[in-house]
Engineer: 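Before we start, here is the structure in question, set down as structure tokens.
Throughout, residue positions are numbered sequentially from 1 according to the sequence presented.
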Amino acid sequence: ARFPGLPIVLGGITAGHFSEELIRDHPETDFVIRGDGEEPTACLLRELGGNGNLAEVPNLSYRLNGEAAHNPIGFSQKTCRPRRRARLVA
């Protein structure tokens, strides 16, 4: 691998349709985002940089205990957007 330790995330219509096979048969694939991807991708990045609770990431397929796991399709913008720091302007 050219960049070991870097998570591989796939998305799009074909990846979403074959998410089971991609996770099960291709160990180099870490995550597949199914359906709309913008907000779930932000949520995935937030979880990877924080507590790593992948079960909280909507539309995500991933490997759990050697098996493909698939979270429900759908998302809430409130839970998926990265936290922003407020700035005080004087």
Engineer: Return all side-chain donor-acceptor pairs below 3.5 angstrom for residues 16-25, not counting sequence neighbours, or 'none' if the list is empty.
Structural biologist:
| residue | atom | partner | partner atom | Å |
| --- | --- | --- | --- | --- |
| S19 | OG | G16 | O | 3.4 |
| E20 | OE1 | H70 | NE2 | 2.6 |

Engineer: For the CD1 atom of I8 and the CG atom of D30, what is their distance to the nearest 0.5 Å?
Structural biologist: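 Going from the CD1 atom of I8 to the CG atom of D30 covers 6.5 Å.
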Engineer: Does R46 use its side chain to pair, donor to acceptor, with the backbone of V57 at less than 3.5 Å?
Structural biologist: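 A pair under 3.5 Å: no.
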Engineer: Are Y62 and I33 connected, step by step, through hydrophobic side chains (Ile, Leu, Val, Met, Phe, Trp, Tyr) whose heavy atoms are closer than 4.5 Å?
Structural biologist: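 Yes.
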Engineer: Whether the side chain of R34 engages the backbone of N71 through a donor-acceptor N/O pair (distance < 3.5 Å, no angle test) should be reported.
Structural biologist: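 At least one qualifying donor-acceptor pair exists.
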Engineer: For I13, I'd like to know if atom CD1 has over 12 heavy atoms of other residues, nucleotides or ligands within 6.0 Å.
Structural biologist: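 At most 12 heavy atoms, drawn from other residues, nucleotides or ligands, come within 6.0 Å of this atom.
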Engineer: What's the shortest heavy-atom distance between E47 and N53, and which atoms?
Structural biologist: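 So the two residues come closest at OE1-N, 3.0 Å.
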Engineer: I'd like to check the side chain to side chain contact (heavy atoms under 4.5 Å, CB included) partners of L48; sequence neighbours left out, ordered by chain and number.
Structural biologist: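 L48 satisfies side chain to side chain contact (heavy atoms under 4.5 Å, CB included) with P7, F31, L44, L54 once adjacent residues are dropped.
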Engineer: Looking at D36 and N59, what are the two nearest heavy atoms and their distance?
Structural biologist: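 Minimum heavy-atom separation between D36 and N59: O-ND2, 2.9 Å.
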Engineer: Who passes side-chain hydrogen bond (donor to acceptor under 3.5 Å, both in side chains) against E28, sequence neighbours left out?
Structural biologist: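 Applying side-chain hydrogen bond (donor to acceptor under 3.5 Å, both in side chains) to E28 gives H26.
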Engineer: So do P72 and P58 actually touch side chain to side chain, heavy atoms under 4.5 Å?
Structural biologist: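 Sidechains of P72 and P58: no contact.
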